[in-house]
A.B. asks: 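Have a look at this one before I ask anything.
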Amino acid sequence: MAEEVDVVVIGMGPGGEHVAGRLAEAGLRVVGVEAELVGGECPYWGCVPSKMMIRAGGLLAEARRIPGMAGAARVEPDWSPVAARIRDEATDDWNDQVAADRFRDKGGRLARGRGRLTGPRTVTVDGPEGGVFEAARGVVLATGTKPQIPPVPGLDAVPYWTNRDAIAATEPPGSLLVLGGGSIGVELAQVYARFGTRVTVVEAMDTLVPSEEPEAAALLAEVLAAEGLTVRTDARATAARHDGGVFTLVLEGGEELTADRLLVATGRRADLRDLGLENVGLDPGAKSVRTDARMRAADGLWAAGT
């Protein structure tokens, strides 16, 4: 039998946590559903820890500019304090207890598990704290995005990194292939290069950060080259393989690039396939949930960042 509440929020990343918290503070009976960590990608594998990495890399870059400008300096990169700060200060070693308690203190109820629409205003949560919830006021979808993995032959069979692995690494690899020259790929590529990793960025479009201004792309390419990174634009991967600890990307024309690690950073996308959208008359194969000016996707259903 379904339990009646006022609102169910599926996905407790930045958007969902904010919505659920505000509604709970207003006195509504709110269930927040989260299969991973309350707070989502940003505080654990994105914005916050990556900026710790960038700050540390920036200090190394500044120190390397001292000779010829302000005296002499010898720079010896050490990844261990960066990894320690990410675990101790940014992520609590990927423990969301603080965020979960913050939501509960506002009056919300956290249901850990995967939520799925099983009918209009009805959500079924699989997991130890799950159940079936009937939302009298409505349901909010806020499931965010996941890494978009390109259909490169062989890529699905190799243990590539995503941004999560790059953020959680306890030491930098000797060499790194970065497939994707967008903002995520470029920032992580530069960080690792500043800590001594030999980095090659492979971008299928003819410029880095193709969604940005051409002048920004040109400047980035110049800066990365000056810092010792190899940038390959207009380079399409046609195959990937992993053998004996070596990752290989095969480019159009047959050229092969190798490295100790492969980071796939080819963008992010919403994954709607398992949300049960078909049970409320929406397309689970769509790229995103269409909403009106009030973020309404259907009767009793809203979407934010999905």
Side-chain angles (χ1 to χ4, degrees), residues 41-91 161-235 247 249 255 257-267:
E41 199 77 10
C42 180
Y44 300 104
W45 300 285
C47 323
V48 176
S50 71
K51 300 314 170 284
M52 286 183 167
M53 296 165 65
I54 290 168
R55 173 59 174 152
L59 289 173
L60 293 174
E62 280 296 296
R64 291 179 178 125
R65 296 187 184 104
I66 291 175
M69 295 187 68
R74 186 179 69 179
V75 180
E76 296 182 1
D78 182 1
W79 187 260
S80 58
V82 180
R85 284 194 69 205
I86 288 172
R87 278 162 175 74
D88 299 339
E89 299 178 32
T91 67
W161 275 3
T162 66
N163 65 295
R164 292 190 173 190
D165 303 289
I167 293 294
T170 56
E171 60 184 24
S175 55
L176 176 68
L177 287 170
V178 180
L179 183 58
S183 57
I184 294 174
V186 166
E187 72 175 8
L188 291 174
Q190 185 182 52
V191 164
Y192 273 102
R194 287 176 168 178
F195 276 88
T197 300
R198 299 183 305 279
V199 179
T200 300
V201 180
V202 179
E203 169 55 49
M205 304 295 285
D206 58 2
T207 66
L208 293 174
V209 290
S211 62
E212 305 297 335
E213 295 295 329
E215 293 83 0
L219 179 59
L220 272 173
E222 181 181 327
V223 169
L224 295 182
E227 294 191 10
L229 288 81
T230 299
V231 176
R232 301 292 302 273
T233 55
D234 200 18
F247 290 83
L249 279 181
E255 181 182 1
L257 305 175
T258 60
D260 297 331
R261 286 287 179 184
L262 169 62
L263 168 63
V264 178
T266 49

A.B. asks: Of all the heavy-atom pairs spanning Ala259 and Ser175, show the shortest one and how long it is.
C.D. replies: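 Closest pair (atom of Ala259, atom of Ser175, distance): CA-OG, 3.3 Å.
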A.B. asks: Is Glu187 paired with Lys51 through a side-chain N to carboxylate O contact shorter than 4.0 Å?
C.D. replies: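 Salt bridge present between Lys51 and Glu187.
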A.B. asks: My understanding is that only residues two or more places apart in sequence, or in another chain, count here; which of them pass side chain to side chain donor-acceptor pair (under 3.5 Å) with Thr91?
C.D. replies: none
A.B. asks: Could you grab the distance from atom CH2 of Trp161 to atom CG of Leu188, nearest 0.5 Å is fine?
C.D. replies: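 Those atoms lie 9.0 Å apart.
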A.B. asks: Just wondering, do Arg261 and Leu263 contact through their side chains at under 4.5 Å, heavy atoms?
C.D. replies: no
A.B. asks: Which heavy atom of Ala83 sits nearest a heavy atom of Ala169, and at what distance?
C.D. replies: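 Here Ala83 and Ala169 meet closest at CB-O, 3.9 Å.
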A.B. asks: Which value, rounded to the nearest 0.5 Å, describes the distance between Thr207 atom OG1 and Glu213 atom CD?
C.D. replies: 10.5 Å
A.B. asks: Do the side chains of Tyr192 and Leu229 get nearer than 4.5 Å, heavy atoms only?
C.D. replies: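 They are not in contact (no side-chain heavy atoms under 4.5 Å apart), so the answer is no.
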A.B. asks: Would you name the heavy atoms of Gly57 and Arg194 that are closest together and state the gap between them?
C.D. replies: O-CD, 3.3 Å
A.B. asks: To the nearest 0.5 Å, what is the distance between CG (Leu60) and CZ (Arg55)?
C.D. replies: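 Reported to 0.5 Å precision, the distance equals 10.5 Å.
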A.B. asks: Please report the interatomic distance CD1(Ile167) to CD(Glu41), rounded to the nearest 0.5 Å.
C.D. replies: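 Answer for the CD1-CD pair, Ile167 versus Glu41, is 9.0 Å.
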A.B. asks: How far does CZ of Arg64 sit from CG of Leu59, to the nearest 0.5 angstrom?
C.D. replies: 11.0 Å
A.B. asks: Counting only heavy atoms not in Glu89, do more than 12 sit closer than 6.0 Å to its CD atom?
C.D. replies: yes
